[in-house]
Amino acid sequence: MWIEVTQLFLNGLLLGSILALGAVGATMIFGVLRFAHFAHGDLMTMGAYFALLVVVGLNLPVMVALPIAMLMTAALAVGIDQVVYRRIRRVQPVILLISSFATALILRAVVQMIWGSSNQVYATGIQLPWRLGPLTIKPDHVLIFCTATLLVIAVHLFLSRTRMGKAMRAMSDNMNLALITGIPADRVIMWTWAIGGALAAAAGVFLGMDTRLHPVMGWTLLLPVFAATIVGGIGRPYGAIFGGLLIGCAMELSTLIIPGAYKPAVAFAIMILTLIFRPQGIIKGAL
Amino acid sequence: MCTIELNGISKSFGGLQAVRDVSFTVEKGGITGLIGPNGAGKTTVFNMIAGTFAPDTGSIRLDGEDITGLPTHRLFHKGLVRTFQIPHEFSRMSVRENLMLVPAKQSGERLLENWLRWWRVIKEDREILKKADEVLDFLEIGHVRNELAGNLSGGQKKLLDLGRTMMTDARAVLLDEPGAGVNRTLLGKLTQAIQRLNKEHGYTFCVIEHDMDLIARLCDPVIVMANGEILASGDINSVRDNPDVREAYLGSSAA
C-alpha cells in the first residue's frame, strides 16, 4: 500500500511540475491582462510540436530542442498577442476570452494540418527504468522534474530580482497605479506573453516526453492548469506552482480510490471546492 | 518647479455640469489650496489636470506647455504627479519595492541591456535602492521598508503615496485630501513632509483638503469652489471672511 502511494506521489510530482509550468504562465497572463487565456493549452501543444520539428528535422535530442521550442513558442505567443489580443484589449474581457477560445481552435487546426492528428513520439524504443527498491523511476522523469524545478527557480529570480519581473507583479497587483507610475505597460505585456509562452512550451515538451504528442494534448490539460491557478489564487505565480503540484498529486493519488479515467474530475472538484471555500486561493501573503 | 495654468475648463457628465469655466493658476513654488463643499468639482478639476480625462472645453498649461488631454503616464514623466483621496499601493510588494518601481526608463527594462551591460543595470538598481531608502527615512517610515505595503496603516499609505512622488523628479504635485483618515500625529508628520518638500526641494503643490486647520497651516493662496465654479480666492483669512464662501461652504458654524 505505502509503496503504491509513494509511487503515485512521485508520478503526481511529475504531473504537478508540468501543470505548474502551464499554470504559472496562465496566472501571469491573467494577472497582467485580466482574462483567462483559453489558448494556453494549445500553446503547450504548439511547443511540443515545435520541439518535434527540431528533433525530427535536425535529428537532435529532445532536451536540446527544448530551449529552441521555448523560444519559438514565446515568439508565437507575443505574435498572437500583437495580432489578435492587442487590438481588443480595451473592450470587455469577455470578448478577449472568446477570442482566446477561437485562437485555441485555430492553433489546434494548424497542428492537425501540419503534423496530422495521430499520436507521435520524440523517441521510440523503451527506456529502462531505474529501480529503487520497490519503486520504479524513469530517467526521463527525473530529467523533467529537475528541468521544471530549474525553470521555476528562474521564474522566481526573474519576478523577485529584475525590474521587469517587479513591474509585472506591480501590474497584476494594482493596474491603475501601475499605469500612472513609471511602468512601461506595453513592454511588460510583451514579456508576460514571452515568458508564459516559453513555460507553456516546456510543459508541452515534458508532457510529450512523458506520454505522446497529440493535437489535443494541451487542451485536455487546460482544465487542471486552470484549477491549479485558482487553487493558488489567481494572478499569483507562486500560488500557481503550489497549486500545480497539489492538483498533480491529488489526480494521481485519486486513482487509488476511483478509476483513472476520472482524474480530470478530481482537478475540477478541487477547483470547485476552492471557489466555494477560499475563492482568493489557499495561499496567503505576498506570494 | 512649475506653474499650472487652467484656462476656462469645463466638464459635464451626462446632464450634470461638474466644472464650469474654471480658470486659475497654481503658482510656481507655492502650496495652493483647493477647497469647497462636496460635489464642488474639486476632484474633477484634479482629474482633468492629471489627465484622467480631458476637459470638454478650455486648456491646461504646465510651464507654458499645453498639456490638455495628455494621458496620466505622459504627465507623470513631465513631472506632474498626483495622489488619490484613497491611497493606492502595490499591496503584495514591499514598501521599498513600491518606491523602487517608480523611476521610469530603467535600463533593466531592455532585453539586451540585461545581458550585455548587466553591471550597469545592477549599479542603477543600487542607486534607486539608495534613493528609496532616503525617501523612506525622510518620511520616517524606514522601519517598515520590508513590510508588505498592503499591511501599512491608512496614514502610512498616504506617506507612501507622497514618497512615490518623491521618487520622480516631480515638479508639481497634486494632493487629493492628504489629511483624510490620518491621525493627528501622522498628520503633523505629513504636513512637515509637504512643507519640507516645498521649501527644500522646491515642489509646487496643489492640495484638496477638507481639514481647515491643515489648509490654514499649509496653503496660500486658497481657491474656493462651489457648484463647479470658483467662488473666491486669496489667503485663508480673506477667504474665511468672504460672505459668499461662508454661505456656500463654511456654513453658520464657522461664522
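Lettering follows sequence order; numbering is per chain, from 1. If you're wondering where the values come from, they're calculated on a predicted model, not measured in any experiment.
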Is NZ or CZ of A:R87 both nearer than 6.0 Å to the six-membered ring centre of A:Y85 and within 45° of the ring axis?
no

Within the 3.5 Å criterion, strictly below it, is a donor on B:N7 or B:R61 matched to an acceptor on the partner's side chain?
no

Run the ring-centre check on A:F268 versus A:F226 and record whether the distance is less than 6.0 Å.
no

Given that the side chain runs from C-beta out, which part of B:M100 has a heavy atom under 4.5 Å from chain A: side chain, backbone, both or neither?
both

Toward chain B, the part of A:A185 with a non-hydrogen atom under 4.5 Å:
neither

Would you mind telling me which of A:L177, A:T162, A:I183, A:V188 has the largest number of heavy-atom pairs within less than 4.5 Å of chain B?
A:L177

With a sphere of 6.0 Å drawn around CD of A:Q92, does it hold more than 12 non-hydrogen atoms of other residues, nucleotides or ligands?
no

So for B:H88, is it side chain, backbone, both, or neither that comes closer than 4.5 Å to the heavy atoms of chain A?
both

Under 6.0 Å from the CZ atom of B:R74, do we count more than 12 heavy atoms belonging to anything else shown?
no

With a 4.5 angstrom heavy-atom cut-off, is it the side chain or the backbone of A:L179 that approaches chain B, or both, or neither?
backbone

